[in-house]
There are 2 protein chains.
Amino acid sequence: MARPTTGDKPQDIRRATVDEVSAVGSTSVSVNKIAARAGLSVGTIYRYHRSKDELLFSVFMEVKRDIHAAMMTAAADRQGPAARIRAMWFALVDYGFQAPGDFQLVELMSSETRVQFSGNEELKQLQSEVLGEIQKGVDDGTLVNTNVRTIETVLASPAITLARRVAMGRQVIDDDEVERIFTLVWRGVAADRQGLSG
Amino acid sequence: MARPTTGDKPQDIRRATVDEVSAVGSTSVSVNKIAARAGLSVGTIYRYHRSKDELLFSVFMEVKRDIHAAMMTAAADRQGPAARIRAMWFALVDYGFQAPGDFQLVELMSSETRVQFSGNEELKQLQSEVLGEIQKGVDDGTLVNTNVRTIETVLASPAITLARRVAMGRQVIDDDEVERIFTLVWRGVAADRQGLSG
DNA sequence: TTAATTAATGAGCAATTGCTCATTGTCAAT
DNA sequence: ATTGACAATGAGCAATTGCTCATTAATTAA
């Protein structure tokens, strides 16, 4: 008894938002242009989102969830902290390789001071799940016995750097380089040396 | 035989630009607001800079030079790659602590695909000086024998992450955390272990 | 004084922004 | 057919943008 939605508008909007943000930046992005890119009218965007801020934050959260899910799925069939963390790390980098725009959106929006960010419970939840995986590694002696956040910083930073480079198309990064970086990072955070070559 | 400039306008413009960019982002920044923040009129900005793009890029380059100089100065009186690289690393983090806005501007502008960036000779020069320092470490056996760019990525990424956190005021980072992070990173890139505790 | 030269101003223009809302399209039930 | 309900449209508004340029301020040389 109503006009049905044609196509998958939310998905179109998300795709257009990611494309536009990764093209012009998260702050100078324009709703009018997102609508044009999605092949929709502005009004339609405002049927699905209350404001520009809400639109950006909602797409940001979707992407965050996807990245988190990719990491957790990769870890799912691995046994033990070493294999799980390695799988999560490569999943993170891989996500950046396959969806550079998604990654750039997250990066750009994280570089801003947004009230919505600090204090968001779901965001905290995702973060603590990752820290939990690291904690297991510390507990069983796989990882060096230090602050989990410290370890997380050392692990995540190069992964983010790598993914960002791909997102910017600045340079091509081959699998060997990714492997080399993980090797160095793992040397740093692993408690003992497991098959290292000077 | 002409009206003299009063005050240091270029410096006022730089400060206002850094503040405005770190407040609203590099793409949505407005020349009108920079002028207002600097206590100048728009026209004056355009006496010193040809366009908005040129203004942003010129301030970006100034900051880049400052950061580079801080690293090189810190390394100047150190002997040997280990001490020099350590000094450079802490100088980089320290810069981010003391001038968060500067750091945020560099970060935000580097996250964009700007034609001016790739192909800029001065930028390449700064980068190659840093890589040269690392190369010395590889040559004399201090650092692990792998690609210098790989080592640079592993070293720089957490430093950038740290500085960004400070820039965003997201959390307070004490000296111990900085030291802990450097310890882990150095474990990763150093050829042998020098006084490490599991 | 007067002329020449440069510094600095800020009203204002064309273009673009986020967002609204009157209108039209499309379905199910009557 | 007609009606009620929702989906989707896009012209248009008030505000803001990057930038211009006619004007004024401040100085020295003649």
Side-chain angles (χ1 to χ4, degrees), chain A residues 1-61 105 108-109 112-117, chain B residues 1-61 105 108-109 112-117:
Chain A
M1 55 152 165
R3 178 177 180 176
T5 65
T6 58
D8 190 344
K9 255 83 180 180
Q11 187 177 298
D12 290 346
I13 293 172
R14 168 177 169 171
R15 189 182 39 74
T17 303
V18 169
D19 289 353
E20 190 66 16
V21 167
S22 60
V24 306
S26 69
T27 49
S28 73
V29 84
S30 116
V31 180
N32 290 13
K33 287 191 177 164
I34 289 174
R37 205 187 269 268
L40 302 170
S41 66
V42 248
T44 305
I45 301 266
Y46 281 90
R47 276 195 60 79
Y48 291 89
H49 299 279
R50 259 182 281 106
S51 68
K52 181 190 178 184
D53 272 4
E54 193 274 332
L55 161 67
L56 288 176
F57 188 68
S58 128
V59 172
F60 169 82
M61 281 306 298
L105 178 138
L108 286 167
M109 292 195 62
E112 293 162 37
T113 318
R114 292 189 167 248
V115 192
Q116 295 160 302
F117 281 41
Chain B
M1 54 150 164
R3 179 178 181 175
T5 64
T6 58
D8 190 346
K9 256 84 181 180
Q11 188 178 296
D12 290 347
I13 294 172
R14 169 177 168 171
R15 188 182 39 73
T17 303
V18 169
D19 289 353
E20 190 65 17
V21 167
S22 61
V24 305
S26 68
T27 49
S28 74
V29 83
S30 114
V31 180
N32 289 12
K33 287 191 176 163
I34 288 174
R37 204 187 270 267
L40 302 171
S41 66
V42 246
T44 305
I45 301 265
Y46 281 92
R47 277 195 59 77
Y48 290 89
H49 298 279
R50 259 183 279 107
S51 68
K52 180 191 178 183
D53 272 4
E54 193 274 333
L55 161 67
L56 288 176
F57 188 68
S58 131
V59 173
F60 169 82
M61 281 305 300
L105 177 137
L108 286 167
M109 292 195 61
E112 293 163 35
T113 318
R114 292 190 166 246
V115 192
Q116 296 160 302
F117 281 41

- Query: Does Lys33(A) place a side-chain N or O at less than 4.0 Å from the phosphate oxygens OP1/OP2 of dT17(C)?
  - Reply: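 It does, given that an N or O in the side chain of Lys33(A) lies less than 4.0 Å from OP1 or OP2 of dT17(C).
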
- Message: Does dA8(D) have OP1 or OP2 under 4.0 Å away from a side-chain N or O of Lys9(A)?
- Response: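 For dA8(D), OP1 or OP2 has a side-chain N or O of Lys9(A) closer than 4.0 Å.
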
Compare the minimum distances between each of [options] and the side chain of [X], then state the nucleotide with the smallest one.
| X | options | value |
| --- | --- | --- |
| Tyr46(A) | dT20(D), dG10(D), dT20(C) | dT20(C) |
| Val42(B) | dA11(C), dC19(C), dT9(C) | dA11(C) |
| Ser30(A) | dC19(D), dA8(D), dG18(C) | dG18(C) |
| Asn32(A) | dG18(D), dG18(C), dA8(C) | dG18(C) |
| Ser41(A) | dG18(D), dT20(D), dA8(D) | dA8(D) |

If I take atom [atom1] in residue [X] and atom [atom2] in nucleotide [N], what distance separates them, rounded to the nearest angstrom?
| X | N | atom1 | atom2 | value |
| --- | --- | --- | --- | --- |
| Ile45(B) | dG18(D) | CD1 | C1' | 12 Å |
| Leu55(A) | dC19(C) | CG | C1' | 13 Å |
| Glu54(A) | dC19(C) | CD | C1' | 14 Å |
| Ile34(B) | dT9(C) | CD1 | C1' | 18 Å |
| Lys52(A) | dT17(C) | NZ | P | 9 Å |
| Leu56(A) | dT17(C) | CG | C1' | 14 Å |

- Spacing of Asn32(A) atom CG and Ser41(A) atom OG [to the nearest 0.5 Å]: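 Here the rounded value is 10.5 Å.
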
- Message: As an exercise, state the distance from CG of Asp19(A) to CZ of Arg14(A), rounded to the nearest 0.5 Å.
- Response: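 Nearest 0.5 Å value for the CG-CZ distance: 11.0 Å.
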
- Flag the pair Leu55(B) / Ile34(B) as yes when at least one side-chain heavy-atom distance between them is below 4.5 Å, and no otherwise.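 When only atoms from C-beta onward are counted, Ile34(B) and Leu55(B) do touch, with a gap below 4.5 Å.
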
- Message: For a quick check of understanding: with a heavy-atom distance under 4.0 Å over all strands, which category does Thr44(B) fall into, base, sugar-phosphate or nothing?
- Response: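 It contacts base atoms.
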
- Report the residue (Arg50(A) or Leu40(B)) whose heavy-atom-nearest nucleotide on DNA chain C is the more 5′ of the two.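 Looking at the nearest nucleotide for each, Leu40(B) comes out on the 5' side.
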
- Item | Any donor-acceptor pair under 3.5 Å from Lys9(A) side chain to Tyr48(A) backbone |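 Between the backbone of Tyr48(A) and the side chain of Lys9(A) there is no qualifying donor-acceptor contact (under 3.5 Å).
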
- Message: I'd like to know if Arg37(B) pairs up with Glu20(B) as an ion pair, taking the criterion as any Lys NZ or Arg NE/NH1/NH2 lying under 4.0 Å from an Asp or Glu carboxylate oxygen.
- Response: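 Glu20(B) and Arg37(B): salt-bridged.
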
